[in-house]
Q: 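Got a structure for you, written out below as structure tokens; questions coming shortly.
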Amino acid sequence: MSAPHASAAGVVTLTIGYLYPSVLSQYGDWGNVRCLQQRCHWRGIDVEILPLEVGTAIEASAVDFFFMGGGADSQQRLIARDLVMAKGDAIREAIDAGSVALLICAGYQMWGRRYRPFRGDDLEGLGIFDAETIHWAAEEKVTIRDITSAGRGRMVGNVVVEWEGTTLVGFENHGGRTYLGAGARPLGRVVVGAGNNGKDHTEGAIVRHAYGTYLHGPLLPKNPALADHLIRLALQRRYGEVPFPPLDDGLEGQAREVALHLHR
Ligand code: GLN
């Protein structure tokens, strides 16, 4: 891998393309972007955040790291056409060229082939993940009449996932059940919680450097190993290996222990 090609000023910059921040921000997932920004700042790495709202064009080669957060079915419906029809080709080009992506819940569902909400037409996805999602009420042909019936099959609670010899901790809140096809690799194995569908013990999906997951929290502050893994992948595409000193994750480790202790 070639030596780092920092910009003329010798500065390494991570460019994050933040998809639909004004629409998909219902579960505090923007905290992941803040975590990426801070863990880069502590290492002297600059971060540029590009808000990619409906109608905003994407220059595929400019984005090192895509981020897309969670939201309600109605919010997914608001962005679905723009994501697939207006941004789809540029996103696929960037992912094929090695850009990193972290997609949380609704964002994860929309990077699969299709999402069938509990009412209304199916939403076409990007098809980057070989996965399909169907809302539990659509799958079980249940009519949701009120908050009680809506909650019956909803997957809500703390989650612990085995990932690359360590664990990821987070929180899930979704009605959709995601089923992976043969072409999809799960992010990890569920130890506590439902994960993709509450049946096959898989959680999330990975293709190339695109990571999808149901873990809110936000995910990255309590899982610094994953945060740094994704940052390094994103920087390598543009700069090769860059100086990436370890950080003191004592506080993050304490937060993880509290989350893990709940389930011992
Ligand atoms: N609306 C989707 C569902 O209910 C995604 C929810 C989310 O982003 N937390 O499954």
Side-chain angles (χ1 to χ4, degrees), residues 18-33 52-54 66-84 101-126 128-129 131-159 161 168-180 184 186-187 190 192-200 202-205 210-223:
Y18 187 170
L19 287 157
Y20 313 110
S22 69
V23 179
L24 294 178
S25 57
Q26 182 172 340
Y27 295 85
D29 296 316
W30 74 275
N32 291 295
V33 175
L52 301 175
E53 298 285 9
V54 172
F66 288 93
F67 179 77
M68 189 165 165
D73 290 8
S74 55
Q75 291 162 320
Q76 287 167 260
R77 195 172 294 284
L78 286 176
I79 59 88
R81 181 173 175 75
D82 181 80
L83 175 69
V84 174
L102 177 63
L103 305 316
I104 310 287
C105 203
Y108 167 34
Q109 295 172 344
M110 298 308 290
W111 281 46
R113 287 200 303 274
R114 173 186 70 156
Y115 173 46
R116 175 165 294 172
F118 75 92
R119 66 179 169 207
D121 298 336
D122 289 4
L123 299 177
E124 182 191 352
L126 287 178
I128 289 177
F129 293 124
E132 293 208 347
T133 300
I134 181 167
H135 193 283
W136 72 268
E139 188 171 44
E140 297 180 17
K141 296 181 176 40
V142 166
T143 302
I144 289 180
R145 302 187 190 288
D146 51 31
I147 196 78
T148 305
S149 56
R152 187 172 66 73
R154 195 165 184 83
M155 290 150 278
V156 182
N158 292 320
V159 187
V161 174
L168 301 174
V169 295
F171 185 82
E172 62 186 334
N173 181 345
H174 55 106
R177 291 170 175 162
T178 297
Y179 297 95
L180 303 184
L187 170 66
V190 176
V192 172
N196 278 329
N197 50 56
K199 301 173 189 173
D200 63 12
T202 65
E203 159 50 21
Y211 287 64
T213 178
Y214 275 111
L215 271 61
H216 296 292
L219 170 68
L220 295 182
K222 278 205 283 283
N223 298 285

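From a predicted model like this one, the values you see are computed outputs, not experimental measurements. Here, residue 1 is the first one in the sequence, and each next residue gets the next number. When a ligand or atom number is given, it counts from 1 through the structure's own listing order.
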Q: State whether a side-chain donor-acceptor pair under 3.5 Å links Asn197 with Tyr214.
A: no
Q: Starting from the N and O atoms of ligand 1, collect every protein N/O partner closer than 3.5 Å and put each pair on its own line with the distance to 0.1 Å.
A:
| from | atom 1 | to | atom 2 | distance (Å) |
| --- | --- | --- | --- | --- |
| ligand 1 | 1 (N) | Gly71 | O | 3.0 |
| ligand 1 | 1 (N) | Asp73 | N | 3.3 |
| ligand 1 | 1 (N) | Asp73 | OD1 | 2.6 |
| ligand 1 | 1 (N) | Gln76 | OE1 | 2.8 |
| ligand 1 | 4 (O) | Arg154 | NH1 | 3.4 |
| ligand 1 | 4 (O) | Arg154 | NH2 | 3.3 |
| ligand 1 | 4 (O) | Gly175 | N | 3.0 |
| ligand 1 | 8 (O) | Gly71 | N | 2.8 |
| ligand 1 | 8 (O) | Gly71 | O | 3.2 |
| ligand 1 | 8 (O) | Ala106 | N | 3.1 |
| ligand 1 | 9 (N) | Tyr27 | OH | 3.4 |
| ligand 1 | 9 (N) | Asn173 | O | 2.9 |
| ligand 1 | 9 (N) | His216 | NE2 | 2.9 |
| ligand 1 | 10 (O) | Gln109 | NE2 | 3.0 |
| ligand 1 | 10 (O) | Gly175 | N | 3.0 |
| ligand 1 | 10 (O) | Gly176 | N | 2.8 |

Q: Side chains of Tyr115 and Asp73 only: does a donor on one sit below 3.5 Å from an acceptor on the other?
A: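 There is such a pair between these side chains.
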Q: I would like to know whether Lys199 and Glu139 meet salt bridge (Lys or Arg N to Asp or Glu O under 4.0 Å); could you show each step before the answer?
A: CA-CA 13 Å; Lys199 301 173 189 173; Glu139 188 171 44; 3.4 Å; yes
Q: Side chains of Asn173 and His216: any donor to acceptor distance under 3.5 Å?
A: no
Q: Would you sort out whether Arg154 and Glu172 count as a salt bridge (Lys or Arg N to Asp or Glu O under 4.0 Å), showing the intermediate values?
A: CA-CA 10 Å; Arg154 195 165 184 83; Glu172 62 186 334; over 6 Å; no
Q: Looking at residues at least two apart in the chain, or sitting in another chain, which of them share a salt bridge (charged side-chain N to carboxylate O under 4.0 Å, His left out) with Arg113?
A: Asp130, Glu132
